[in-house]
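Labels below follow one simple rule: chain letters A, B, ... track the order of the sequence lines, proteins then strands, and each chain is numbered from 1. Just so you know, these numbers use all the heavy atoms, side chains as well, and skip hydrogens, waters and symmetry mates.
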Amino acid sequence: MKVRTRVAPSPTGDPHVGTAYVALINYCFAKHHGGEFLLRIEDTDQVRSTRESESAILDSLHWLGLSWDEGPDIGGPHGPYRQSERSEIYRRYVQQLLDDGHAFKCFCTPARLEEMRVAQRASGQASRYDGLCLTYAPDEIARREAAGEPFVVRMKVPDDGVCAVQDERRGTIEIEWKSVDMQVLMKSDGLPTYHLANVVDDHLMEITHVMRGEEWVSSAPKHVLLYRYFGWEMPKLIHLPLLRNPDKSKLSKRKNPTGILFYQAMGYLPGALLNFLGLLANSVGEGHDEMMSLAQMVERFALEHIPLGGPVFDVAKLDWLNGRYLREGLDREAFIANVQAWAFAPERLARIAELAQPRIERMSDLGSLVAFFFAGRLPITAELLRGGKLDDLAMRQAFQLALWELDALREWKVAGIEIVLKQIADALGKKFRDVARPFYVAITGSPTSVPLYDSMELLGRDVVRERLRGALDVLGAPSKREQDEWKALGAQRAEAS
RNA sequence: GGCCCUAUCGUCUAGAGGCCUAGGACGCCGCCCUCUCACGGCGGUAACGCGGGUUCGACUCCCGCUGGGGCUACCA
């Protein structure tokens, strides 16, 4: 049987290096065995999923040099490849489970469920649906449904015994059924949850090997059970380690740049980033050069060399590799072409020109005026930040608030950025003019520069986040306690507006 | 709190009972090259978390502890 793997990102934010990591492993494994690799979009979360995010993810993976045999952009024989377009399929399978008595309708309110969980936790129990709606007679269920009560569909889960999950890399993982929750399979909006959609799609798309993040280990029994209920053959399971921050916690943008777009903006070469992820995905044997192409990674790929412990994303090593790509991997022409594409892409250059042209008297003024567009972290000093009217506390609060609110921004555009910064001034009870100054310093490196919002938009969310974090570090990163207090500032603002 | 995963230099890792006085890569330090810097070359620093077993022998197998991580949603 032909090996078929997939990567199934959820389009709920900026493209993440973790997605690329999982995609790379799935790609290498499939291609190493002469199989197929496909991409599926898991956008069943209507609230958080966006089309912008989806295309950003696809673009990023393409930029890295990854390609797929089937996917939402290119189609294929098992489509559609976007879960939001497969609702009818899931509805049918949910109905089948209902008919077979493997699932049931649940009318419990969020409040009741919350109360139940609090009680369970207090008594040292695993959090698990207590089965109330399982006790209703058919006519009771029909009555509630007819009355228009919202409901979800949950899967039935055995009360006793253990579920043996077979992981091709980790061996057998045993989890007691009583610690497995009666998972919601279909939300009250009629859309499936991950668990149902994932199992149905993997089966229909003939996936043979599911290689996914370690965070899914604990819900694997639910998937095993669903395959059993449907009478389908289980694909092989391989749980991949999670990439980590230097402090070993799960890689997060709060602590580290996690966006593929960030590495793009910083001038890393796609091959270098992909190569680096490959180093974390599959150890290179001694005597082999660590610098390798995708084809070489495919060639050398071995399941048993996937690490089990979560590797720290070590930017220093990425930097070294990228340096080699820059000086060994490119001839003079290619180097120039890359620099041109990175720094002087036509639209970007046009925007920068628009900002700079009115503000210069000699073309030689250009360098210092717009240099910050072509830099990573800026060498900001506390003295420079302190030149305005805000004291350290106010500046730190402003930066921290900005970090939070800017992350929550759906669209990274001038308009949204402006609103966020103005609201921060309000929340702090300061004049916007005074609040703006430290932002100019943090973002552009100078209190006087080209317009701030445009600069921020052009720089991109990830680079802005890094610079704000850098400025905050210079003044002193807020303590846990300060952060808790400051969160209220943001909340008050939200209520007021 | 409950359940699960995991554990070799600061970091990524090799190691599948004797080949280990534990190897490689990044980082760091030193030397060389050199108009500076970088590159490059050479050398150095640095690890088997702890305690019990099993065995003639354990970094390698088993158990416990500890550390780290994940999950615990009508998010994925």
**Student:** Taking only the P atom of each, what is the distance from A25(B) to G41(B) in whole angstrom?
**Tutor:**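 So the two P atoms sit 10 Å from each other.
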**Student:** Which one is paired to G67(B), where only Watson-Crick or G-U wobble pairs with both distances under 3.5 angstrom count?
**Tutor:**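 Pair assignment: G67(B) / U6(B).
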**Student:** Looking for any heavy atom pair under 4.0 Å, which part of the strands does Gln125(A) touch: base, sugar-phosphate only, or nothing?
**Tutor:**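 Base: the residue Gln125(A), judged by heavy atoms under 4.0 Å, touches a nucleobase.
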**Student:** Tell me if the centroids of the rings in Phe29(A) and Phe37(A) come within less than 6.0 Å of each other.
**Tutor:**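 Between Phe37(A) and Phe29(A), which both carry aromatic rings, the centre distance is not below 6.0 Å.
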**Student:** Distance check, rounded to the nearest 0.5 Å: Asp181(A) atom CG versus Arg128(A) atom CZ?
**Tutor:**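 Asp181(A) CG to Arg128(A) CZ: 7.0 Å, rounded to 0.5 Å.
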**Student:** What integer number of Å spans the C1' atoms of C29(B) and A46(B)?
**Tutor:**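 Each nucleotide's C1' atom is 12 Å from the other's.
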**Student:** Are the aromatic rings of Trp216(A) and Tyr194(A) close, with centres under 6.0 Å apart?
**Tutor:**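 Here the rings of Tyr194(A) and Trp216(A) have centres that are less than 6.0 Å from each other.
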**Student:** Measure the SG-NE2 distance between Cys28(A) and His33(A) for me, rounded to the nearest 0.5 Å.
**Tutor:**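 If I round to the nearest 0.5 Å, the distance is 10.5 Å.
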**Student:** Using atom C1' of each nucleotide, how far apart are G15(B) and U8(B) to the nearest Å?
**Tutor:**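 One C1' to the other, the span is 9 Å.
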**Student:** Specify the residue among Asp314(A) and Arg244(A) whose closest nucleotide of RNA chain B lies further upstream toward the 5′ end.
**Tutor:**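 Comparing both residues, the 5'-ward one is Asp314(A).
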**Student:** Using a heavy-atom cut-off of under 4.0 Å over every strand shown, decide if Pro150(A) touches base, sugar-phosphate, or nothing.
**Tutor:**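 No contact at all - Pro150(A) keeps every heavy atom at 4.0 Å or more from the nucleic acid.
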**Student:** Within the structure shown, what part of the strands sits under 4.0 Å from Ser249(A) by heavy-atom distance: base, sugar-phosphate, or nothing?
**Tutor:**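 Sugar-phosphate, no base atom in range.
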**Student:** What does Ser283(A) touch in the nucleic acid at a heavy-atom separation under 4.0 angstrom: a base, only the sugar-phosphate, or nothing?
**Tutor:**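 Counting heavy atoms under 4.0 Å across all strands, the contact made by Ser283(A) is with sugar-phosphate only.
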**Student:** Select base, sugar-phosphate, or nothing to describe what His305(A) touches, counting heavy atoms under 4.0 Å on all strands.
**Tutor:**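 Touches sugar-phosphate only.
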**Student:** If you pin Ser123(A) and Ala316(A) to their nearest nucleotides in RNA chain B, which one's is more 5'?
**Tutor:**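 Between the two, 5'-proximity favours Ser123(A).
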**Student:** Looking for any heavy atom pair under 4.0 Å, which part of the strands does Glu174(A) touch: base, sugar-phosphate only, or nothing?
**Tutor:**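 If one applies the 4.0 Å heavy-atom cut-off, Glu174(A) turns out to touch the sugar-phosphate alone, with no base involved.
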**Student:** Looking for any heavy atom pair under 4.0 Å, which part of the strands does Ser49(A) touch: base, sugar-phosphate only, or nothing?
**Tutor:**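 Nothing: the residue Ser49(A), judged by heavy atoms under 4.0 Å, touches no strand.
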**Student:** Strictly under 6.0 Å, is that where the ring centroids of His223(A) and Tyr227(A) end up?
**Tutor:**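 His223(A) vs Tyr227(A): aromatic centres not under 6.0 Å.
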**Student:** Measuring from Lys255(A):NZ to Asp247(A):CG, what's the distance to the nearest 0.5 Å?
**Tutor:**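 Taking NZ in Lys255(A) and CG in Asp247(A), the distance rounds to 4.0 Å.
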**Student:** Check this for me, if you would: do Lys250(A) and Glu214(A) make a salt bridge, where the nitrogen-to-carboxylate-oxygen distance has to be below 4.0 angstrom?
**Tutor:**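 No salt bridge links Lys250(A) with Glu214(A).
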**Student:** Under a 3.5 Å cut-off for both distances, is C61(B) Watson-Crick or wobble paired, and to whom?
**Tutor:**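 For C61(B), the partner nucleotide comes out as G53(B), under the 3.5 Å rule.
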**Student:** Please measure how far the C1' atom in G52(B) lies from the corresponding atom in U45(B), and state the result in whole Å.
**Tutor:**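 Pairwise C1' distance, G52(B) against U45(B), rounds to 34 Å.
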**Student:** When the P atoms of G27(B) and A7(B) are compared, how many Å lie between them, rounded to an integer?
**Tutor:**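 Their P atoms lie roughly 26 Å apart.
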**Student:** Does A46(B) have a Watson-Crick or wobble mate here (both distances under 3.5 Å), and if so which one?
**Tutor:**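 In the structure as shown, A46(B) has no Watson-Crick or wobble partner.
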**Student:** If we call it a pair only when both distances are under 3.5 Å in a Watson-Crick or G-U wobble match, what pairs with A38(B)?
**Tutor:**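 Looking at the geometry, A38(B) pairs with no nucleotide.
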**Student:** Any base atoms under 4.0 Å from Val312(A), or only sugar-phosphate, or nothing? Heavy atoms, all strands.
**Tutor:**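 Val312(A): backbone/sugar contact only, no base atoms under 4.0 Å.
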**Student:** Determine whether the aromatic ring centres of Phe313(A) and Phe262(A) lie less than 6.0 Å apart.
**Tutor:**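 No, too far apart.
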**Student:** Going by purine N1 to pyrimidine N3 plus the second Watson-Crick contact, or the G-U wobble pair, all under 3.5 Å, which nucleotide sits opposite G17(B)?
**Tutor:**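 WC or wobble partner does not exist here.
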**Student:** Taking only the P atom of each, what is the distance from U72(B) to C12(B) in whole angstrom?
**Tutor:**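 The same atom, P, in both gives a distance of 25 Å.
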**Student:** Work out how far the C1' atom of G53(B) is from that of G1(B), and round it to whole angstrom.
**Tutor:**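 Each nucleotide's C1' atom is 32 Å from the other's.
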**Student:** Using a heavy-atom cut-off of 4.0 Å across all strands, would you classify Arg327(A) as base, sugar-phosphate, or nothing?
**Tutor:**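 Sugar-phosphate: the residue Arg327(A), judged by heavy atoms under 4.0 Å, touches backbone atoms but no base.
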**Student:** Salt bridge between Asp45(A) and Arg48(A), side-chain N to carboxylate O under 4.0 Å?
**Tutor:**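 Here Asp45(A) pairs with Arg48(A) in a salt bridge, since their nearest N and O are under 4.0 Å apart.
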**Student:** Pick base, sugar-phosphate or nothing for Arg128(A), based on heavy-atom distances below 4.0 Å to the nucleic acid.
**Tutor:**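 The answer is nothing, as Arg128(A) stays clear of every strand by at least 4.0 Å.
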**Student:** Expressed in whole Å, how much space separates the P atoms belonging to C28(B) and G10(B)?
**Tutor:**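 Their P atoms lie roughly 16 Å apart.
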**Student:** Chain A on RNA chain B: first and last contacting nucleotide, 5' to 3', under 4.0 Å to a heavy atom?
**Tutor:**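 The contacted stretch runs from G1(B) to A76(B).
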